[in-house]
Amino acid sequence: MFRYTSGSLLREIGVWILAIVFLLPFYFLITMALKPDAEVYTSSPLALPANPTLNNFSSLLSASGQSNILLGLMNSVIITAGSIVGLIILGSLTGYVIARSTRRWGRLAYYLFLIAIVLPAQLGAVPLYIGARTVGLTGSVWGMIFLYTGMLLPLAIFLYAGFLRGLGTEYEEAAAIDGASRGQIFFRVVFPLLAPATGTVAILCGLIVWNDFFTALIFLGGSANQTLPVSMYYFIGSLVSKWNVIFAIVIVSMIPILAFYLFAQKRFIQGFAGGLKG
């Protein structure tokens, strides 16, 4: 039976203090984004805006050219969603084959994908760019989806294969006895059981794709399909020190991925723990 003691009280106080410390940057972010230009340098960062305004958000959403935040936001959503779908499909299928293989090549392939996670993707930036330009994928949304899917596929396979190794094969064997094909066993029996791993892959890979600046700048810089981080780079470069507008841009960039994380967080810890355990 749990007893509430003075130690429990101290732990709760410590948790609340840590929560406040972690939430302070969000408080500064929101209050500064709502302040007009006149209050940015005349009021304390801790002070609430005396005359809150949404003009900072409207000014950045009306930008055009290379600083078009709305276009960058739309491109980021398309590229991130497309990459996640590709990683889930290819990662789950490949991870299933590797995890259920009883031959030596299955374990060898698993460790090769693990090595690919450790290697920095920047090492292959030059040959990747040359190849993408040769086939006409630079400056293209589809080209970025293919690129991110290939770059992050080892991570997805590692998580799926590790999670699958912790799952029993009883349901698969029962489905096979009932006459189900290998494809039916995977899509109707195995894949629904992979929901925790799928949530982990979607969150981790989605965060990487959404926040990536280096790859998007090289392959999409100067095109009409540049992502939100690249658009933010051009937009902030013209602001110098208008921190209220800069913080408003940060809030706009956080909302989609934060909403997605809150939606998929229930599966995150389970899938990540399963991948590590495998």
Side-chain angles (χ1 to χ4, degrees), residues 18-37 39-40 43 45-49 52-85 87-88 141 144-145 148 151-152 155 198-217 220-221 225-269 271-272:
L18 283 175
I20 292 172
V21 170
F22 282 116
L23 288 175
L24 273 178
F26 292 97
Y27 172 79
F28 293 142
L29 193 68
I30 295 172
T31 55
M32 186 66 73
L34 295 176
K35 288 182 179 180
D37 294 338
E39 294 185 35
V40 173
S43 62
L46 292 172
L48 291 171
T53 177
L54 296 177
N55 291 337
N56 299 324
F57 294 92
S58 61
S59 63
L60 69 92
L61 294 177
S62 61
S64 59
Q66 290 185 321
S67 303
N68 194 326
I69 300 298
L70 279 179
L71 181 60
L73 180 63
M74 182 182 66
N75 290 331
S76 287
V77 170
I78 295 173
I79 292 172
T80 304
S83 301
I84 290 174
V85 172
L87 288 167
I88 290 173
V141 170
M144 292 303 297
I145 292 175
Y148 282 125
M151 290 171 58
L152 297 174
L155 176 60
T198 299
T200 304
V201 170
I203 290 175
L204 288 180
C205 297
L207 283 172
I208 294 173
V209 174
W210 183 267
N211 294 321
D212 182 59
F213 172 75
F214 177 78
T215 307
L217 180 64
L220 294 178
N225 296 316
Q226 61 191 19
T227 57
L228 183 60
V230 180
S231 299
M232 291 172 60
Y233 169 74
Y234 289 117
F235 191 89
I236 293 175
S238 62
L239 293 178
V240 186
S241 59
K242 296 191 66 173
W243 295 108
N244 48 349
V245 182
I246 292 175
F247 283 12
I249 298 175
V250 175
I251 292 176
V252 170
S253 67
M254 287 172 51
I255 291 176
I257 199 66
L258 184 60
F260 177 70
Y261 173 77
L262 293 175
F263 173 76
Q265 64 175 334
K266 293 182 180 179
R267 306 291 185 181
F268 179 70
I269 298 300
F272 191 60

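Below, each value reflects all heavy atoms present in this structure, side chains not excepted, and no hydrogens, waters or symmetry copies. Only a predicted model underlies this, so the values are computations on that prediction, with no experimental measurement involved.
- Under the 3.5 Å distance criterion, the side-chain polar atoms of Ser83 are left unmatched by any main-chain donor or acceptor of Tyr148.
- For Phe213, the side chain to side chain contact (heavy atoms under 4.5 Å, CB included) partners at least two apart in sequence or on another chain are Leu217, Pro229, Val230, Tyr233.
- Taking CG from Leu152 and CG from Leu204, the interatomic distance works out to 10.0 Å, rounded to the nearest 0.5 Å.
- By the side chain to side chain contact (heavy atoms under 4.5 Å, CB included) test, Leu34 is found to be paired with Ile30, Pro49, Pro52, Leu54, Phe57, residues two or more places apart in sequence or in another chain being considered.
- When the side chain to side chain contact (heavy atoms under 4.5 Å, CB included) test is applied to Leu29, the partners found at least two apart in sequence or on another chain are Phe247, Val250, Ile251, Met254.
- Thr31 pairs by the side chain to side chain donor-acceptor pair (under 3.5 Å) definition with nothing, not counting sequence neighbours.
- Here the shortest heavy-atom pairing between Thr227 and Ile79 reads CG2-CD1, 3.6 Å.
- We find the CE-CD distance between Met144 and Gln226 to be 11.5 Å, quoted to the nearest 0.5 Å.
- For the atom pair OG1 (Thr198) and CD1 (Ile84), the distance works out to 11.5 Å, reported to the nearest 0.5 Å.
- Summarising the geometry, atom CG belonging to Leu18 is positioned 10.5 Å from atom CG belonging to Leu23; distances are rounded to the nearest 0.5 Å.
- If you take CD1 on Ile208 and CD1 on Ile203, they are separated by 12.0 Å, rounding to the nearest 0.5 Å.
- Taking the side chain to side chain contact (heavy atoms under 4.5 Å, CB included) definition, one finds that Leu71 meets it with Asn68, Met74, Asn75, sequence neighbours left out.
- Across all their heavy atoms, Asn56 and Met32 have their closest contact at ND2-O, 4.3 Å.
- Looking at Trp210, its side chain does come within 3.5 Å of a backbone N or O of Ser253 through a donor-acceptor pair.
- In this structure, Asn244 CG and Lys35 NZ are separated by 9.5 Å, a value rounded to the nearest 0.5 Å.
- The closest side-chain heavy-atom distance from Ile257 to Asn211 is not below 4.5 Å.
- Partners of Asn55 under the side chain to side chain donor-acceptor pair (under 3.5 Å) rule, at least two apart in sequence or in another chain, are Thr53.
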